[in-house]
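A, B, ... follow the sequence lines: proteins, then strands. Residue 1 opens every chain.
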Amino acid sequence: MEVFRKSEALERLAGNESLLKNMAKIFLDNHSDQVSEIKKAIDGGDDKALELSAHSLKGDLASLGAEAASAPALQLEVMGLENNMASALEVYSLLENEVMRLNGYLREFVDGSGT
Amino acid sequence: MKKILIVDDSEIQRKLLAGTLEDQGYKIEIAENGEAALELLEKNTDKYHAVLLDRMMPGIDGIEVLKRMKEQESMKDVSVIMQTAKATQDEILEGLQAGAYYYLTKPFSKNTLLAIVETAVSDYLRYKKIKTEAQRAVGTFQLMADARYFFKTIEEADALAPLLAQACPNPGKVSTGLSELLLNAVEHGNLGITYEEKSDLVENDRWHDEVNRRLKLQENAAKIVDFQMERTDHEVRYLIKDQGEGFDWEKYLEINPERAFDNHGRGIAMSRAMSFDKIEYLGKGNEVLAVVKT
């Protein structure tokens, strides 16, 4: 799975690169809080909070074309929905890694050197 | 200027929605959660043409915002576009039952967003105009025992709906449903525009042109819609008969979740839910009886 499907995200925005850059900047500023909320929900065994926080992050990732990170976010949302959090920490660590990889791509894109 | 309220807890989604819509000339207001949305809606009755509502939010979620809007006379007519996940059809059904007739899935394309917002806003404006006309007091219309009209065009349908709705105690409510049924009789009935054709025409902003083109065709020149109203002791009955081939009407009595994302196709279900006590299609589907209990 691709980390950052920039062309797909841009196509959805009818080529509006500055809007996608603005969205990427917001993500770079906010994602650590979003990811922390997910961790907090898992640590606290709060299925509803996990569902909500993972859902919100998943929506943002999908809009940014972040295919690889969207998958574990969806998995965590479903775990919250089904109150089945046994392997949530494993999936969380996958999410963390993917979000970190995404960070690099988005930073390059925002700084103007991304492809 | 057309004004949209965006309700979303995600800053990225707010930026995406607002950025795209502002580029098209919409005026945008933002609420970061359900509580803030209700506050804005209460303060600004009749100010918004549509609300783009995220279904899943912390605190008061989208469904609850929608339910509270539908409970209040001043807010209940504003078009609500629900943002949801396509995979969860139960959520769409829940939304439809609560009165959200327009849907958007994330991630969406610019064109999809604009098409659904334009549909919701134009439906809102059309309903508002028809309701306003219907509510102009013409008290004596409530004494009318029966009436019969023959018409051909969309404009005539739009003029007749508010007029004949005045035979009912709540003309505003009835007028929008009548308008939908009369419109169907012209465009789908007499002019034979199919569901798929309309999707394409609306998407490409060619619907009016195509209606006018078909009205001028020789084969449609003699086609009329027969519109009758009759009052009995306890109800007002509207019978609308077109000269088309009829259609598979059963699937349009409810909004199917699979069609919830389309840019049209809500009219019959909305009429049934909001305007009439009963809708019954007769024969091959080119005749519809709509009943209002009085």
Using a 6.0 Å cut-off, check whether atom [atom1] of [X] has over 12 heavy atoms from anything other than its own residue.
| X | atom1 | result |
| --- | --- | --- |
| B/Glu32 | CD | no |
| B/Asp248 | CG | yes |
| B/Lys70 | NZ | yes |
| A/Lys21 | NZ | yes |
| B/Lys131 | NZ | yes |
| B/Lys3 | NZ | yes |
| A/Glu90 | CD | no |

What's the spacing between B/Asn111 CG and A/Arg12 CZ if we round to 0.5 Å?
12.5 Å
Does any non-hydrogen side-chain atom of A/Leu20 lie less than 4.5 Å from one of B/Leu16?
no
Under a 4.5 Å cutoff for heavy-atom pairs, which residue among B/Lys110, B/Met56, B/Glu11 has the most contacts with chain A?
B/Met56
Side chain, backbone, both or neither of A/Glu8 within contact of chain B (heavy atoms, under 4.5 Å):
neither
Which heavy atom of [X] sits nearest a heavy atom of [Y], and at what distance?
| X | Y | value |
| --- | --- | --- |
| A/Ser63 | B/Gln13 | OG-NE2, 3.1 Å |
| B/Met57 | A/Leu52 | C-CD2, 3.8 Å |
| A/Ser56 | B/Asp9 | OG-OD2, 3.9 Å |
| A/Asp60 | B/Ser10 | OD1-OG, 2.6 Å |

Between B/Ser109 and A/Glu11: side-chain donor-acceptor atoms closer than 3.5 Å:
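A/Glu11 and B/Ser109 do not have a side-chain donor-acceptor pair below 3.5 Å.
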Derivation of the side chain to side chain contact (heavy atoms under 4.5 Å, CB included) call for A/Leu19 and B/Asp23:
CA-CA 11 Å; A/Leu19 180 56; B/Asp23 277 353; 5.8 Å; no
Out of A/Leu61, A/Leu57, A/Ile26, A/Asn30, which residue meets the side chain to side chain contact (heavy atoms under 4.5 Å, CB included) rule with B/Ile12?
A/Ile26
